[in-house]
Enquirer: 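If you scroll down you'll find the structure; I have some questions about it.
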Amino acid sequence: MVINDLDAKVAAAAEMILASRRLVVFTGAGISTESGIPDFRGPGGIWTRFDPDDFTIQKFLSSRETRKKQWEILVKGELLSGVKPNRAHHAIAKLGRIGKLDCIITQNVDNLHQKAGNSPEKIFELHGNLQWIRCMDCGERYSVEHIMALLQGGVEVPECEKCHGILKPDAVFFGEMLPPDTLNAATDHSMRCDLFLVVGSSLVVHPAALMPAYAKEAGAKLIIVNIGDTPYDSRADILIEGKAGDVMSKMVEKVEKGP
Ligand code: NAD
Ligand code: ZN
């Protein structure tokens, strides 16, 4: 039987996972396209439908009109309504269940790793999570369902029930800092892992994209599963060009079978 290149690479990656002691999985928008969420830069990506300018923190804070537009997008459910984890998320959840996962570092805001069953304390969300809405003044947090009910009841621009402050989806906008505790923890885990597995990221958004560099510099091995090039391709120990759902389910199946 001829083993094709892809199968051989997936098998080698599975062996690397089995041999690893601290595996960090790093995910980007590409892991969720198979769940029906468009990525940023691909065809049909988010910026073909929305104006990136509206997602700068300056505009959001200064313009009620921009905030209104954003809440309209949310209430229409265009971004994340009813999305479910796909085979790639489930495969990574399985790595957690069989004790082969140190943590997940994700750039995604879609809550799909939690929905797949990974424990929340092992998921570092560098760019926040759209499940939550936060008050910019007092920090109070509301569930998206709570705010949705207000919007559906006719409120155009909801405000904080405690202090009347500006409410904002709890995702990191352009021009905003990443949550410092999460960034520190992610950096720390990247520096201490011995295997760093990227799934579905173009690795161009900083500082998130520094994580594989921290891992490599500390001596970890690097596996990249992605469609399309990344600036780290030449530094990868295994580079797999393929669909996340397909590749990750095969890889984890092999991990489960053992050495
Ligand atoms: P990106 O859009 O820059 O890159 C995604 C990469 O995944 C691309 O290289 C693309 O070709 C590849 N890809 C697409 N479908 C794939 C599949 N099925 N299998 C394997 N690879 C696939 O996304 P990024 O690197 O995450 O960075 C951009 C920013 O996008 C992040 O800041 C993130 O917060 C945000 N974002 C998040 C979501 C989400 O939460 N699901 C969606 C869109 C954007
Ligand atoms: Zn408030």
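Atoms within a ligand are numbered from 1 in the order they appear, just like the ligands themselves.
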Enquirer: For ligand 1, which part of Gln107 has a heavy atom less than 4.0 Å away: the side chain, the backbone, both, or neither?
Expert: both

Enquirer: Would you please classify the geometry between the Phe173 ring and the Phe60 ring as parallel, tilted or perpendicular, with 30° and 60° separating the classes?
Expert: perpendicular

Enquirer: Distance-only check: which donor-acceptor pairs under 3.5 Å involve side-chain atoms of residues 213-225, not counting sequence neighbours?
Expert:
unit_1	atom_1	unit_2	atom_2	d
Lys216	NZ	Arg235	O	3.1
Lys216	NZ	Asp237	OD2	2.9

Enquirer: Please confirm whether Ala244 comes within less than 3.5 Å of ligand 1 when only nitrogen or oxygen atoms on both sides are compared.
Expert: yes

Enquirer: Does Leu195 reach the side chain of Arg22, with side-chain heavy atoms less than 4.5 Å apart?
Expert: no

Enquirer: Once you restrict to heavy atoms under 4.0 Å, what part of Thr33 touches ligand 1? Side chain, backbone, both or neither.
Expert: side chain

Enquirer: Should one rank Ser201, Gly242, Gly28 by closest heavy-atom distance to atom 25 (O) of ligand 1, which comes out on top?
Expert: Ser201

Enquirer: For ligand 1, note which part of Asn108 has a heavy atom under 4.0 Å away: side chain, backbone, both or neither.
Expert: both

Enquirer: Looking at Val205, which atoms of ligand 1 are within less than 4.0 Å of one of its heavy atoms?
Expert: 27 (O), 28 (C)

Enquirer: Suppose I only count heavy atoms of Glu34 and a 4.0 Å limit; which atoms of ligand 1 are within that range?
Expert: 17 (C), 18 (N), 19 (N)

Enquirer: Salt-bridge test for Lys94 and Glu256: reply yes if a basic N is under 4.0 Å from a carboxylate O, no otherwise.
Expert: yes

Enquirer: Could you state the interatomic distance from CG (Leu167) to CH2 (Trp71), rounded to the nearest 0.5 Å?
Expert: 5.5 Å

Enquirer: For ligand 1, which atoms sit closer than 4.0 Å to a heavy atom of Lys243?
Expert: 19 (N)

Enquirer: Using distance alone, decide if ligand 1 has a nitrogen or oxygen within less than 3.5 Å of any nitrogen or oxygen in Val204.
Expert: no

Enquirer: Can you tell me how far apart CZ (Arg134) and CZ (Arg141) are? Round to the nearest 0.5 Å.
Expert: 6.0 Å

Enquirer: Distance below 2.8 Å from the Zn ion (ligand 2): how many protein N/O/S atoms qualify?
Expert: 4

Enquirer: Touching ligand 1 at all, Pro38? Heavy atoms, strictly under 4.0 Å?
Expert: yes

Enquirer: Counting only heavy atoms closer than 4.0 Å, does ligand 1 sit against the backbone of Ser32, its side chain, both, or neither?
Expert: side chain

Enquirer: Does a sphere of radius 6.0 Å around CG in Asp229 hold more than 12 heavy atoms from other residues, nucleotides or ligands, not counting ones at 6.0 Å or beyond?
Expert: no

Enquirer: Thinking salt bridges, do Glu159 and Arg67 make one under a 4.0 Å N-O criterion?
Expert: no

Enquirer: Does Ala29, backbone or side chain, put an N or O under 3.5 Å from an N or O of ligand 1?
Expert: yes

Enquirer: Other residues, nucleotides and ligands only: do more than 12 of their heavy atoms fall within 6.0 Å of CD on Glu140?
Expert: yes

Enquirer: Within the supplied structure, the quantity of interest is the number of heavy atoms (other residues, nucleotides, ligands) at a distance under 6.0 Å from Lys100 NZ; does it exceed 12?
Expert: yes

Enquirer: Quick one about His89 and Glu34 (side-chain donor to acceptor, distance below 3.5 Å, no hydrogens or angles considered), yes or no?
Expert: no

Enquirer: Considering distance alone, does some N or O of Asp229 sit under 3.5 Å from an N or O of ligand 1?
Expert: no

Enquirer: Answer yes or no: is there a side-chain heavy-atom contact under 4.5 Å between Ile57 and Val172?
Expert: no

Enquirer: Taking the minimum heavy-atom distance to atom 40 (O) of ligand 1, which of Val109, Leu126, Asn226 ranks first?
Expert: Val109

Enquirer: May I have the step-by-step check of side chain to side chain donor-acceptor pair (under 3.5 Å) for Thr33 and Asp39, ending in yes or no?
Expert: CA-CA 6 Å; Thr33 54; Asp39 60 13; 5.7 Å; no

Enquirer: Any idea which of His127, Glu241, His206, Glu125 brings a heavy atom closest to atom 32 (O) of ligand 1?
Expert: His127

Enquirer: Examine the proximity of ligand 1 to Ile37 and report which part, side chain or backbone, both or neither, has a heavy atom under 4.0 Å away.
Expert: side chain

Enquirer: Checking side-chain polar atoms at under 3.5 Å, does Thr27 have a donor or acceptor matched by the opposite partner on His113?
Expert: yes

Enquirer: Who gets closest to atom 14 (C) of ligand 1 by heavy atom: Asp39, Asn111, Leu178?
Expert: Asp39

